[in-house]
Amino acid sequence: MIALTRRRVAGVLFTLLLVLLLVGFAALIVGPSALTPSDVVGALRGAEPGGAVADIVLRVRLPRVQLGMLVGASLAIAGVLFQALLRNPLADPFVLGVSGGAALGAILVLSLGASVGLGYAAVPPAAFAGSLCATVLLYVAAGFRGRVSATHLLLTGVVFNAFASAAIVFLASLAGLMEGARIFMWLIGSLSASRADMAGWVALFLGIGLACAVPLARSLNLLTLGEESAKQLGVEVERHRRILLVATSLMVGAAVSVSGLIGFVGLIIPHLLRLLLGSDHRLLIPAAGFAGAAFLVVCDTVARTLLLGRELPVGAVTAVVGGPLFLYLLRRHQRRAFAQ
Amino acid sequence: MRTGGSDPALAFEKIGVRFGDREILHSVSLELARGEMLALAGPNGSGKTTLLRVASRVLTASTGRMRVAGRSASDFSRRELARELAVVPQDAPIAFPFRVGEMVLMGRSPHLGPLGFETAEDVKIAREAMARLGIEALAERSILELSGGERKLVLVARALAQDARILLLDEPTANLDLRHGVIVLDRVREFVRSGRSALVVSHDLTLAARSCDRIALLARGRLVATGTPTEVLTRENLRATFGIDTELLTASDGAPVVVPRAPAG
């Protein structure tokens with residue numbers, strides 16, 4: 001069967017949802033205090049409210065698992081959208097410095113916002129503004145219109161990232177906002193210090209992003225053929241691209257504002273899913289949501305349990321997986337470009 | 001799918017295109033009749049592809065206007081235009097490994113709603129298009145694994161699946177071997193037999209003369225000659241257009257055959 005059917009989409013998504021639930025459940029069990037599956041089920045059912053087990057499950061682990069899912073889904077979907085918009089499987093909001101832009105926006109508010117009366121709630125919108133600015137800058141610097149060379153794109157990203165990191169450290173130090181260790185955690189990306197009360201924001205941004213992206217998924221397929229072909233097949237290219245860029249920026253902004261710079265999720269998940277499921281974005285976008293969520297929860301569980309008594313930033317775990325994969329993809333990309 | 005009305009399928013009215021102070025097309029007026037297959041030929045850089053890009057509205061002409069079935073082209077939404085007019089580009093750079101079947105099905109896009117999935121009918125149309133070009137066996141293959149010629153056949157199949165009233169083909173026979181070149185032009189011939197129309201940019205004058213009703217010669221952005229193959233393919237016109245001496249033979253079916261000689265001094 002050459003056509004994607006609703007049935008296949010539903011089947012794949014149902015399978016991924018099961019995986020996600022399993023992963024989430026396992027993440028509630030695993031941790032420094034040993035719990036059994038029945039402990040977790042009991043706590044989720046509300047047996048013995050206020051007890052130690054219920055506290056661990058409902059107040060410590062569950063919010064973190066929820067947040068991990070939201071952040072992972074946002075990052076993975078943003079990666080899928082970015083790669084299609086830039087028509088380059090190497091594009092990733094983190095590698096290209098868009099996450100850096102979001103982080104810079106967030107830090108600006110965190111360090112200077114208090115003096116102008118902005119509270120913590122201003123952080124996600126500021127992160128969105130930052131990622132949108134970075135996206136627009138990338139648009140201008142590297143150009144979305146033609147087919148941009150991977151080299152040009154990646155170099156632009158390197159410069160963006162270097163600038164954003166420097167500015168973040170500078171601002172944070174200036175404001176005496178965080179001590180070195182916490183800035184470090186933020187730059188690597190971590191869910192440990194994140195505020196669970198921000199989950200609503202992330203869910204909202206993710207929801208808006210999805211509402212923009214899902215109806216345009218078939219347009220996105222056509223956009224990967226290039227601007228002219230897309231237009232000739234009936235796509236309102238400029239309008240759709242603008243909507244999709246805003247959707248991407250929203251999701252990156254939301255993820256970064258609660259977790260800092262977690263890298264490579266937007267690269268690993270889309271790559272894996274393209275291998276498994278093909279290139280149709282009507283399936284890829286929602287699948288990336290579930291798979292990204294599960295992946296980040298697994299990585300975060302590893303991050304908080306690998307070293308006894310200490311936590312790794314989850315960004316370190318995703319980078320260990322993602323860095324080598326990125327190099328492999330880059331090599332393959334170059335070989336293919338050379339072969340053509 | 002014969003449609004009423006006597007308006008030409010496609011009409012360029014004094015189309016001019018300039019990029020900065022470079023004039024690419026100068027006041028080109030050309031009509032594509034219903035049921036007609038028209039070849040557009042001319043040297044590299046003469047503005048053929050530019051005219052096709054104006055026709056599919058990916059490029060806006062600096063002057064002049066274009067009508068599709070009598071209606072001003074600017075009145076069409078992109079989707080509407082894509083249902084009237086399908087394009088076979090010279091080549092399509094592919095970023096992601098879509099399968100051939102998926103690629104051909106993309107031709108059905110202008111007929112689907114925003115959240116729509118292809119129906120069994122769409123799949124049938126796509127399969128028929130692939131069968132006409134002899135590429136059904138490639139349906140499950142990744143587009144990245146194909147040769148340039150096979151990819152061209154996929155693009156033609158996609159345009160056929162689009163089920164538009166006008167086909168615009170940019171060098172459809174480049175990259176193709178003799179047999180496939182003939183197959184593609186024969187399919188386009190079949191396409192116009194049902195009252196639809198095709199505009200074919202081609203460098204192969206002999207092949208164009210064999211298949212097309214009329215030929216238009218374009219040089220330095222201006223129309224040099226328009227007419228039946230025997231009217232247009234004269235030594236004088238070809239020298240004026242290409243700057244080359246030619247010998248004209250006649251095939252057994254009466255179609256002209258162009259044999260290039262030395263560049264004119």
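Chain identifiers are assigned alphabetically (A, B, ...) following the order of the sequence lines, protein sequences preceding nucleic acid strands; residue numbering begins at 1 within each chain.
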Give me the atom names and distance for the closest heavy-atom approach of B:Arg158 to A:Ser229. NH2-OG, 4.2 Å

Contact class of B:Leu168 relative to chain A, heavy atoms under 4.5 angstrom: neither

Beyond-backbone contact of B:Val58 with A:Gln232, side-chain heavy atoms, under 4.5 angstrom: yes

Minimum heavy-atom separation for B:Phe96 to A:Ala84, with atom names? CE1-CA, 4.0 Å

Answer whether the closest heavy-atom distance between the side chains of A:Val237 and B:Arg78 falls below 4.5 Å. no

Side chain to side chain contact (heavy atoms under 4.5 Å, CB included) for A:Leu225 and B:Met103? Distances and angles first, verdict last. CA-CA 10 Å; A:Leu225 306 177; B:Met103 191 76 173; 3.6 Å; yes

Would you mind telling me which of B:Ala139, B:Ser56, B:Ser109, B:Ala86 has the largest number of heavy-atom pairs within less than 4.5 Å of chain A? B:Ser109

When every non-hydrogen atom of A:Val9 is compared with those of B:Phe117, the smallest separation belongs to CG2-CE2, 3.8 Å

In terms of heavy-atom contacts, A:Asn221 and B:Phe98 come closest through OD1-CZ, 3.8 Å

Which pair of heavy atoms, one from A:Arg218 and one from B:Gly113, lies closest together, and at what distance? NH2-O, 2.5 Å

For A:Lys231 and B:Arg57, what are the C-alpha separation, side-chain angles and deciding distance, and is it a side chain to side chain contact (heavy atoms under 4.5 Å, CB included)? CA-CA 8 Å; A:Lys231 283 182 177 172; B:Arg57 244 182 54 198; over 6 Å; no

Distance in Å, A:Leu233 CG paired with B:Arg83 CZ, rounded so as to fall on 0.5 Å steps: 13.0 Å

Do A:Glu236 and B:Ser77 come close enough that some side-chain heavy atom pair is under 4.5 Å? yes

Does a salt bridge link A:Arg282 with B:Glu118, judged by any charged N lying under 4.0 Å from a carboxylate O? yes

Given a strict heavy-atom distance threshold of 4.5 Å, which part of B:Leu105 is in contact with chain A: side chain, backbone, both, or neither? side chain

